[in-house]
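A quick write-up on the structure given underneath.
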Amino acid sequence: MDEPLITYEQALQILAEHSSSFTIETRPLKSCMGAYLAEDLFADRDFPPYDRVTMDGLAIAYKAFENGQRSFQIEAIAPAGTAQKELQDPCHAIEVMTGAILPQKTDTVIRYEDVVIKDQVATLQIDTLRFNQNIHFKGIDIRENAQVVKKGKRLSSAEINIAAAIGKASLKVRKMPRTIIISTGDELVSITEAPKPHQIRRSNVYGIQHSLQEWGIRADLAHVPDDPKIMHAKISGFLKKYEVLVFTGGVSKGKFDYLPDVLEALKIKKNIHKIHQRPGKPFWFGTSTDHHKIFALPGNPVSSFVCVYIYFRYWLQASLGLNETPFYVTLGEDVHFTPDLTYFLEAKLENGNDGTFTALPKQGHGSGDFVNLVQTDGFLILPQNENTFRKGEIYPFISYRYTL
């Protein structure tokens with residue numbers, strides 16, 4: 001008897017319940033790009049740490065300008081990186097460079113472009129000034145001991161910059177799981193081979209590998225043939241070396257789909273197998289006795305792509321403690337879908353001049369039509385228990401083209 005199917009929402013709940021807790025490691029700052037931060041970062045001083053000049057020019061006391069003065073004797077110069085100077089005469093000026101600490105008893109900076117300097121006297125060429133102009137005041141960005149970056153954040157160049165500014169030569173980050181992506185099937189050959197008429201190249205694993213790399217996981221690649229004994233031996237070895245195994249193919253109901261039985265023989269507990277959805281119905285997920293995670297994706301490329309972006313990505317975010325805000329788009333045309341399934345429909349995004357995204361469905365020729373993926377940007381999530389979806393309605397969208 002066929003086992004009961006679960007819903008898309010139930011599958012997400014199961015994956016959340018079986019999320020992992022990745023270990024923490026300390027890395028040199030230069031090696032942290034793209035890693036997930038495992039500590040909060042706090043300002044070790046005010047930012048900026050002093051009243052900072054933002055334009056090359058002249059620092060004056062605004063009161064002199066307010067009293068009608070338009071020419072200023074230059075009494076000193078203050079380059080960036082030198083100790084703070086002090087204006088000796090309130091009717092004079094000090095030349096200041098961008099990044100310098102604002103001299104004492106000055107409160108306004110005039111750009112060089114707005115003055116003419118002759119014989120150490122600067123004469124204004126403009127009629128108005130703003131009090132405190134061209135000054136980045138101490139602590140205006142963030143105060144000492146305030147949280148600058150919250151743990152869990154994926155580190156970009158912006159966070160690396162902050163970490164360096166607060167003196168963090170190394171950071172605590174999440175150590176991503178040792179992962180392998182395994183293709184199955186005797187019809188598959190290397191991408192460097194010329195396939196025979198009954199063969200195809202191994203392509204799914206490369207797409208999956210790149211997706212995981214975008215999310216911070218570097219994965220090895222392997223292949224197993226449609227032979228239960230060989231599969232058992234090889235997968236047994238993989239389980240000893242890797243914490244996450246991702247399979248493509250061999251999980252449906254074909255006579256040569258041995259993978260579920262092999263995984264059961266290896267004492268992998270099945271948590272998910274078959275979901276009320278299209279494409280990707282045969283998706284399989286399980287856990288080993290030592291809490292390793294096994295994802296078995298359908299072999300058809302579109303189905304495989306869907307399950308990586310819908311389920312593996314969701315599990316990864318749950319494991320990292322990330323709460324992603326759903327990305328919603330406007331449906332660009334009517335869609336009719338009769339089966340009582342969640343429908344992951346390929347679509348191309350268009351960004352309107354009103355700032356909204358519209359998804360234009362582009363149905364391919366089934367879950368084997370991976371060429372259609374090149375023409376689209378992601379998947380609309382159209383809910384189960386409905387069969388008509390109207391133009392202008394709003395639905396969630398999972399992108400594989402852009403980081404949203």
Side-chain angles (χ1 to χ4, degrees), residues 6-16 19 36 154 181 204 206-217 219 244 246 248 272 275-285 295-298 300-333 335 337 339 341-352 356-364 366-386 389 393-404:
I6 63 173
T7 65
Y8 156 67
E9 292 80 9
Q10 288 172 323
L12 295 182
Q13 180 61 38
I14 291 170
L15 288 166
S19 60
Y36 294 89
R154 190 166 187 200
I181 305 164
N204 284 2
Y206 292 95
I208 296 168
Q209 184 184 45
H210 181 74
S211 295
L212 268 57
Q213 185 175 330
E214 287 183 335
W215 304 331
I217 297 176
V244 174
V246 181
T248 64
I272 298 172
I275 304 172
H276 281 289
Q277 68 179 55
R278 183 180 292 175
K281 171 184 170 183
F283 174 72
W284 193 103
F285 169 76
F295 296 81
L297 317 175
N300 280 326
V302 178
S303 297
S304 180
F305 225 61
V306 163
C307 291
V308 167
Y309 276 85
I310 300 296
Y311 297 121
F312 186 94
R313 184 167 173 262
Y314 181 85
W315 169 83
L316 178 61
Q317 290 175 334
S319 298
L320 291 165
L322 303 179
N323 296 313
E324 184 185 44
T325 302
F327 179 70
Y328 290 94
V329 298
T330 302
L331 186 59
E333 58 187 56
V335 173
F337 182 69
L341 304 169
T342 298
Y343 189 21
F344 300 113
L345 177 59
E346 296 161 71
K348 186 169 183 62
L349 288 183
E350 286 190 352
N351 189 4
T356 61
F357 284 95
T358 298
L360 300 176
K362 293 182 73 69
Q363 297 185 39
S367 58
D369 182 9
F370 58 93
V371 175
N372 196 54
L373 293 172
V374 179
Q375 312 300 324
T376 55
D377 300 315
F379 306 101
L380 283 158
I381 303 178
L382 301 181
Q384 192 175 352
N385 302 322
E386 296 183 37
F389 308 92
E393 293 178 344
I394 307 298
Y395 293 101
F397 187 84
I398 300 292
S399 173
Y400 56 78
R401 185 73 63 187
Y402 309 106
T403 300
L404 298 168

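Between Trp315 and Phe285, the ring center distance fails the sub-6.0 Å criterion.
When all heavy atoms are compared, the tightest approach of Gln209 to Ala219 is NE2-O, 2.8 Å. The minimum heavy-atom distance linking Ile6 with Ile14 is given by the pair CD1-CD1, 3.9 Å. Across all non-hydrogen atoms, the minimal contact from Ser303 to Gly280 is OG-N, 3.4 Å. Nearest heavy-atom pair across Pro279 and Val306 is CG-CG2, 3.8 Å. Pairing each heavy atom of Lys362 with each of Lys348, the nearest pair is CD-CB, 4.1 Å.
When the side-chain contact (heavy atoms from CB on, under 4.5 Å) test is applied to Glu393, the partners found at least two apart in sequence or on another chain are Phe389, Arg390, Tyr395. Applying the side-chain contact (heavy atoms from CB on, under 4.5 Å) criterion to Ala347, with sequence neighbours excluded, gives Ala359, Leu380, Phe397. Every ring pair (Phe, Tyr, Trp, His ring centres under 6.0 Å) that Phe283 has, sequence neighbours left out, goes to Tyr311.
Rounding to the nearest 0.5 Å places CZ of Arg313 at 6.0 Å from CH2 of Trp215. Atom CG in Leu297 sits 6.0 Å away from atom SG in Cys307 (nearest 0.5 Å). The CG atom of Leu382 sits 8.5 Å away from atom CZ of Phe337, with the distance rounded to the nearest 0.5 Å. Ile217 CD1 to Ile208 CD1: the interatomic distance, rounded to the nearest 0.5 Å, is 12.5 Å. To the nearest 0.5 Å, the span separating CG on Leu322 from OH on Tyr36 amounts to 6.5 Å. One finds the CD1 atom of Ile398 at 11.0 Å from the OH atom of Tyr314 (value rounded to the nearest 0.5 Å).
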Evaluate the side chain to side chain contact (heavy atoms under 4.5 Å, CB included) criterion for residues Thr342 and Thr7: first the C-alpha distance (whole Å), next the side-chain angles of each, then the deciding distance (0.1 Å), finally the verdict. CA-CA 8 Å; Thr342 298; Thr7 65; 6.0 Å; no
Go through the steps to decide whether Ile272 and Leu15 satisfy the test side chain to side chain contact (heavy atoms under 4.5 Å, CB included), and finish with yes or no. CA-CA 9 Å; Ile272 298 172; Leu15 288 166; 4.1 Å; yes
Take Val329 and Phe327, measure what side chain to side chain contact (heavy atoms under 4.5 Å, CB included) needs, and give me the verdict at the end. CA-CA 7 Å; Val329 298; Phe327 179 70; 3.4 Å; yes
Please assess Tyr343 against Gln277 for the test side chain to side chain contact (heavy atoms under 4.5 Å, CB included), listing each intermediate value before the final yes or no. CA-CA 6 Å; Tyr343 189 21; Gln277 68 179 55; over 6 Å; no
Derivation of the ring-ring contact (aromatic ring centres under 6.0 Å, His included) call for Tyr309 and Phe344: CA-CA 11 Å; Tyr309 276 85; Phe344 300 113; over 10 Å; no
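Side-chain atoms of Arg401 come within 3.5 Å of backbone N or O of Thr376 as a donor-acceptor pair. Counting only distance, with no hydrogens or angles, the side chain of Asp377 and the backbone of Leu349 share a donor-acceptor pair below 3.5 Å.
Other residues, nucleotides and ligands place more than 12 heavy atoms under 6.0 Å from the CG atom of Asn351.
Side-chain atoms of Val308 and Tyr400, non-hydrogen and from C-beta on, never get closer than 4.5 Å to each other. Phe379 has its side chain within reach of Leu373: a pair of non-hydrogen atoms, C-beta onward, lies under 4.5 Å apart. At least one side-chain heavy atom of Glu333 sits under 4.5 Å from a side-chain heavy atom of Pro361.
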